[in-house]
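Below is one structure, written out as C-alpha cells; the observations come after it.
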Protein chains: 2
Amino acid sequence: MLNSYSSADKVLLAVDCIIFGFDNEGLKILLIQRDFEPEKGKWSLIGGFLKRDEVLDAAATRILNTYTGLNDIYMEQLYAYSEIDRDPVERTISVSYFALINIENHNAELIKNYHAEWFPINDAPNLIFDHNEMVENAIKRLRYKTSIKPIGFELLPEKFTMRQLLELYEAILSKELDKRNFISKINSLEILNKLDEKDMQSSRKGSYLYTFNKEKYEEKLLNNFVLNL
Amino acid sequence: MLNSYSSADKVLLAVDCIIFGFDNEGLKILLIQRDFEPEKGKWSLIGGFLKRDEVLDAAATRILNTYTGLNDIYMEQLYAYSEIDRDPVERTISVSYFALINIENHNAELIKNYHAEWFPINDAPNLIFDHNEMVENAIKRLRYKTSIKPIGFELLPEKFTMRQLLELYEAILSKELDKRNFISKINSLEILNKLDEKDMQSSRKGSYLYTFNKEKYEEKLLNNFVLNL
DNA sequence: GTATTAAGTGTAAAATTGACATTAATAATT
DNA sequence: AATTATTAATGTCAATTTTACACTTAATAC
C-alpha cells in the first residue's frame, strides 16, 4: 500500500528563527547560547518544537515572543531542513523562519536572561547543526525580498532618515549605493511621508525624518506597482 | 523546560509534488485520482509520506519516480503547509515540491495505471485538502524562478525551436511576449547552441533547432551573470 | 563671523526596453 | 514551372531607466 497513514513514520518538527535587526552598526542576527544538551554552551538560532495543536507560523511567533517579548513581528517561512542526522538526538526536521525586528524595541533584559545576543551578520560565531546554512539562505532571501517588497522598513524605527534607509539597503545588499540615485529612486516610488521633523543627532543641519506610508503603498500595489530596488 | 525533546509532539510529514509539464497545448500539471480514503476518487497532487531514514529531497524524488518512472528530474522545495486539520485523518505537515519534466519522456502507461492525468494549469479540477493553494504558490515560484534561472529548458525537449521557447515563457508568465524582442534578448544571453538541424513539423520553411548550452551558462554565472527574462 | 559637518540636490551619457513590419525559405498546389 | 500559402527570421528608432558624478545649503561650535 503506497499511502497508508498507519505505516508512516512520525518525526519531530522544529522551528528555527533567523532574527534580523539593524542599528547604526549594521545588520545583525540574534543568537542564543544553548543551555541544554546537546551542544550546550554553543551558539544557536532561536528555536523550539512545533506543538500538536499549533501551525508553523504560530510556533515561530510563539518562539520569537518567548525570547524577545515582541508581538506582531514580520515573519516569513523559508525552508525545511531534513538531513537525517542534523540533530544528533533524534530525527528532527526543522523549518526555518526569518523575522525582521526593530532592534530598539526588543526586551533587552529578556534577551540577556536567555543568554541571547546580537551579532553582526559578518562577524557571528559558528553555529550548531545546520544553522550556518540556514542563516546564509535567510540572508539571500532577505536580499531578494527587500528588493521587491518594502519589508526593510520593519527593521527601522517608525521615523527614520534617508541616510538610515540607505545604510540599511547597503547592509542588506552588502554593496555601496549612490546616495543621489538611491534617494531619487526612493522618492520616485512615492511611498514615504516626509515629516516636518528633523533628526538632529547626526549633523548640525539635521536631516528630515520619514515614515513609510503603508496605505499609499497598498494603493499603488493595486496598479501593478512593483518595488524595484 | 523550554526545549525538551522528550516532551515534544511528533507528527506525520508528507511531501506533495507539483509536477509541471509543457507541450504544444501549453503548461500542464500532473494530478492523480486518489485510490484510498479520505477523498477517494477526488483529484490530488502526487504525494507520499516521508520515511524515517529519508531526507525530504529524496522522498520527493522517490515519489516522482514511483508515479512517472523518471529519474534525474529538476525539483525544488517550496513550502511547508501545517494547518491543523489540513488532513482530516491525522495531523500531517506537508512540504511541497515542484518538478519540471519533459512531458514527452514520462512513462505514459505507469501514469495511466495510477489514474494520473495531465491537466492544463488553467483548466484543472478542484483538488483535495490545501492542494489548490499549493499549486497557486508553485506557479508563482515557477514564474519567479524561470525569470532568473534557465530552468525552463527542463520542460522542453533537448532540441527545441525559438517558437517553443517563446511559447513556454508565454505560458509560464501567462502573457504575450514580443517575438522579436524575445529572440534578441535570448540571443544576447549567448547560452543557446544553434544547430544546423531544422524542425520541419511546424512550417514549410522549417525552423532552426537549439539546445541549451549549460557549460556556457555556468561559465557566465561566474561573472555575476543574471538571466533576466 | 568663521569653520565644520553632513544634508540636500540635478544633469547628461549610457544602457535597456518596448513598439513595430517586411523579407526569406520552403512545400504544396495548380 | 510558376504560383500560393505558411511560418521563420530579422533591425531600427523612440522612450525609459540606470548610472556616474560634485557643488551648495543649513545649522552649530568655536
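Side chains are part of it too, since the values below use all heavy atoms of this structure and drop only hydrogens, waters and symmetry mates. Just so we're on the same page: letters track the sequence lines, and every chain starts at 1.
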Please list every donor-acceptor pair under 3.5 Å in which a side-chain atom of residues 216-229 of chain B meets a protein atom from a residue at least two apart or in another chain.
unit_1, atom_1, unit_2, atom_2, d
B:Lys220, NZ, B:Glu190, OE1, 3.4

A:Asp178 CG to C:dT9 C1', in whole Å, measures 12 Å
Which residues in residues 180-188 of chain A have at least one heavy atom lying under 4.0 Å from any atom of DNA chain D?
A:Arg180, A:Asn181, A:Lys185
A correct dot-bracket answer for DNA chain C, with pairs being Watson-Crick or G-U at under 3.5 Å, [ ] for crossing pairs and | for inter-strand pairs, is ||||||||||||||||||||||||||||||
Indicate whether any N or O donor in one side chain lies under 3.5 Å from an N or O acceptor in the other, for A:Asp57 and A:Tyr97.
yes
How long is the line joining CG of B:Asn228 and P of C:dT17, in whole Å?
6 Å
Note, B:Ile19 side chain near B:Leu64 side chain (heavy atom, < 4.5 Å):
yes
With sequence neighbours excluded, what pairs up with B:Tyr74 under the ring-ring contact (aromatic ring centres under 6.0 Å, His included) test?
none
Any residue meeting ring-ring contact (aromatic ring centres under 6.0 Å, His included) with B:Tyr144, in chain and number order, not counting sequence neighbours
A:Tyr144
For A:Ile183, is there any backbone N or O sitting under 3.5 Å from a side-chain donor or acceptor partner on A:Asn187?
yes
Set of ring-ring contact (aromatic ring centres under 6.0 Å, His included) partners for A:Tyr81, sequence neighbours left out:
A:Tyr79
Give each protein N/O atom lying under 3.5 Å from an N/O atom of nucleotides 22-28 of chain C, with the pair distance.
unit_1, atom_1, unit_2, atom_2, d
C:dA24, N3, B:Lys205, NZ, 3.3

Residues from residues 157-176 of chain A lying under 4.0 Å of DNA chain D - heavy atoms:
none
Considering residues at least two apart in sequence or located in another chain, which fulfil the side-chain contact (heavy atoms from CB on, under 4.5 Å) criterion with A:Ala108?
A:His106
For B:Lys179 and for A:Lys179, locate the closest nucleotide of DNA chain C by heavy-atom distance; then report the residue assigned to the nucleotide nearer the 5' terminus.
A:Lys179
Given the rule in the salt bridge (Lys or Arg N to Asp or Glu O under 4.0 Å) test, do B:Glu76 and B:Lys145 qualify, once you have shown the distances and angles that lead to the verdict?
CA-CA 10 Å; B:Glu76 205 172 312; B:Lys145 217 52 194 290; 2.9 Å; yes
Holding to ring-ring contact (aromatic ring centres under 6.0 Å, His included), I want the full list of residues that pass it with A:Phe129, two or more places apart in sequence or in another chain.
A:His131
Donor-acceptor contact present, side-chain B:Asn193 to main-chain B:Thr211, <3.5 Å
no
Residues B:Thr161 and B:Asp199: side-chain donor-acceptor under 3.5 angstrom:
no
Any pair with a residue in residues 162-204 of chain B that passes ring-ring contact (aromatic ring centres under 6.0 Å, His included), sequence neighbours left out, goes on the list, sorted by first then second residue, please.
B:Tyr169-B:Phe182
Any chance the side chains of A:Ser96 and A:Asp16 put a donor and an acceptor closer than 3.5 Å?
no
Contact interval (first through last nucleotide) of DNA chain D with protein chain B, 4.0 Å heavy-atom:
D:dA5 to D:dG11
Quiz item: cation-pi between A:Lys198 and A:Tyr208, 6.0 Å / 45°
yes
